[in-house]
Amino acid sequence: MRALLLPLQPRFIIYTAVLILTALLLFDELDGYPSIYVVVLLILFGALAVVGTIDLVQTRHAVLRNYPLSAHVRFILEEIRPEIRQYFLESEKDGTPFSRDKRAIVYQRAKQALDKRPFGTQYDVYSPGFEWLAHSVAPKPVVKEPFRILVGGPDCAKPYSASVFNISAMSFGALSPNAIRALNSGAKKGNFAHDTGEGGYSPYHRENGGDIIWEIGSGYFSCRNSDGTFCAEKFEANAKSEQIKMVELKLSQGAKPGHGGVLPAPKVSAEIAETRGVPMGVDCVSPSRHSAFSTPIEMMQFIAMMRTLSGGKPAGFKLCIGHPWEFLAICKAMLETNIYPDFIVVDGKEGGTGAAPLEFADHIGMPLREGLNFVHNALVGINARDRIRIGAAGKIISAFDIARVLALGADWCNSARGFMFALGCIQSQSCHTDRCPTGVSTQDRTRQRALVVPDKADRVHHFHQATLESLAELTAAAGLDHPSQFMPAHFSRRVSPHEVKSFAELYPPLQPGELLAGTGDKRFEVPWAMASAHEFRAMPHAA
């Protein structure tokens, strides 16, 4: 029935008009002897009608399924993209090419197309902000191993072997059912992990059996009581599923840390209500803070409970770094309680979201590299780095992005943007309107049909596979055997037209145990003194 109503949708107006004109011209041709003009117009509009119908039923291009005929304008513009590329490059201020350039690389890898290009770099290599990886004069052979890292500390009974590249947190509700299906099916094909986001563990996550990292936010979706508080029984029932490999407590996300969120009542469908455990017809609220704990020590106890209730699976937390002393307070709570998370995911403030206030998206939270290096050094400084793995998220798309954050302290990376591009996202920035043109971020069934799950699942898998192959080539070119061997000294950044610094200079390390012994490092000395395991806010006497 929905398929029959598609021509009545406003976005099909051009296709519908062509069908009507074709029918009228055909009727005119049959009604006596037609003029040559009618025949020409009939051939023209008949051909357009055929093209539009093919657009509607083909499965490779989501935007054409949702916008038959009219979307061809986009593909025509893409054909002349090399001529307009320079305009966008010249508009950049930090040496980073226009984001569409990386999106094109994702599309090419997802579609198994050639991702090479002529005429060398598109960067201004003498512009401040340009970064590069040093290569070796004795490169290693390119290895074919999948690059995995074991997550799980001494208290973890079921450690997980994770890929170094996984799907970052994106919730059902923010994404369509078909998008969730395709992501998880692709993760299954490629043997990597899919983070649920805080929107709950939905039937669409379960459907294809790909490895799941279950994220628990302040709304406790899929594990909440009717009053919005955490429900241990519901958590245990879901967390012991064989599909769920790790459980992750979300403190904040990079795009809008400290903000929380609201899914308006009209968007709370029956499926979303069931998945999240909330009533229909009522605003679905994610508070800006958790109700299950209020101090660093209580937070560590909550993580220990998550690990126990899940049957001993890796338990950790995700955050965007804000006040440094608050993370150091969490470190002090680890020391005081002897409870350590198995992993920490650092989300950079450059991370994406379906909707966020401009002030939060632009100016709140610490960028990924600074936050990641801070967390890595803090754990080194309390002698806990060897038992806690670190994940990193925030605009990670290419193999170079992965290698760079591994050098700064990450053990693995998560990507949302890259895998959305693999699904066919064209960055129309209509996520919050429910009018996504490619079916990725909409609950509109007529728009979701554009995203054909088997085709896009293959693209998710191919993008992951091709990116790891590129990472293997970078690793070999640097003279290394495994990407975990990347160090800050391998990377350099131009800080001015006449000065270059290595990451080792830009991100100086702490020594093992330095925070416990007392540090003179100004990045840590004052916030460490301000931090308390018994409260998140700074100690008044130390401030």
Side-chain angles (χ1 to χ4, degrees), residues 169 171 173-174 195-201 213-236 238-239 246-263 275-278 283-310 313-334 336-337 339-347 349 351 353 356 360 364-366 371 375 391 393 531-538:
S171 302
D195 193 311
T196 64
E198 68 172 308
Y201 179 39
I213 300 171
W214 184 19
E215 182 179 279
I216 310 299
S218 57
Y220 307 116
F221 301 129
S222 295
C223 58
R224 61 186 267 145
N225 295 308
S226 58
D227 62 355
T229 56
F230 177 76
C231 178
E233 291 77 16
K234 291 180 181 177
F235 175 84
E236 183 176 16
N238 279 325
M246 303 200 297
V247 288
E248 174 183 286
L249 176 70
K250 173 192 165 183
L251 299 183
S252 58
Q253 70 181 86
K256 48 182 178 182
H259 185 266
V262 177
L263 187 66
T275 295
R276 298 193 176 193
V278 299
D283 288 347
C284 180
V285 178
S286 297
S288 59
R289 60 183 297 167
H290 281 266
S291 61
F293 55 88
S294 59
T295 69
I297 286 178
E298 290 176 357
M299 176 183 155
M300 289 300 102
Q301 293 168 341
F302 187 81
I303 288 174
M305 179 179 65
M306 290 173 61
R307 185 160 47 214
T308 299
L309 292 176
S310 69
K313 295 174 182 178
F317 63 94
K318 180 182 92 172
L319 82 168
C320 176
I321 296 296
H323 296 308
W325 56 82
E326 291 184 345
F327 181 78
L328 296 178
I330 295 172
C331 291
K332 286 187 174 181
M334 296 179 198
E336 186 164 329
T337 62
I339 298 172
Y340 294 84
D342 296 295
F343 65 90
I344 298 170
V345 175
V346 182
D347 199 9
K349 66 90 57 262
T353 182
F360 279 78
I364 303 295
M366 192 177 289
V375 168
S532 168
H534 299 275
E535 56 184 337
F536 283 110
R537 68 184 182 89

**Request:** Kindly say whether C223 contributes a backbone atom to a donor-acceptor pair with the side chain of Y201 at under 3.5 angstrom?
**Result:** no
**Message:** Once you measure the plane-to-plane angle for F230 and F235, does it fall in the parallel (<30°), tilted (30-60°) or perpendicular (>60°) bin?
**Reply:** tilted
**Item:** Under 3.5 Å donor-acceptor, T229 side chain and N225 backbone
**Value:** no
**Request:** Please examine the side chains of Y340 and I303, heavy atoms only from C-beta on, and report whether any two atoms are closer than 4.5 Å.
**Result:** no
**Prompt:** Does a side-chain heavy-atom distance below 4.5 Å link M334 with P296?
**Reply:** no
Check residues 316-324 and write down every donor-acceptor pair under 3.5 Å in which the side-chain atom is one partner and the other belongs to a residue at least two apart or another chain.
residue: K318; atom: NZ; partner: E215; partner atom: OE1; Å: 3.1

**Item:** T295 side-chain N/O to E298 backbone N/O, donor-acceptor pair under 3.5 Å
**Value:** yes
**Request:** Report yes or no: does N238 contribute a side-chain atom to a donor-acceptor pair with the main-chain N or O of S222 at less than 3.5 Å?
**Result:** yes
**Prompt:** Is a donor on one side and an acceptor on the other found under 3.5 Å between the side chain of K313 and the backbone of V247?
**Reply:** no
**Request:** Taking the side chain as every heavy atom from C-beta outward, state whether M299 and L251 have any atom pair closer than 4.5 Å.
**Result:** yes
**Asked** Taking the side chain from T337 and the backbone from I339, do they hold a donor-acceptor pair closer than 3.5 Å?
**Response** yes
**Asked** Can you tell if the side chain of H534 reaches within under 4.5 Å of the side chain of I297, non-hydrogen atoms only?
**Response** yes
**Item:** Reported CG-to-CE distance for the pair D195 and M246, which is rounded to 0.5 angstrom
**Value:** 8.0 Å
**Request:** Would you mind reporting whether M366 and V346 have side-chain heavy atoms less than 4.5 Å apart?
**Result:** no
**Residues in side chain to side chain contact (heavy atoms under 4.5 Å, CB included) contact with S286, at least two apart in sequence or another chain** = E198, S218, F221
**Prompt:** Does a side-chain heavy-atom distance below 4.5 Å link L249 with F293?
**Reply:** yes
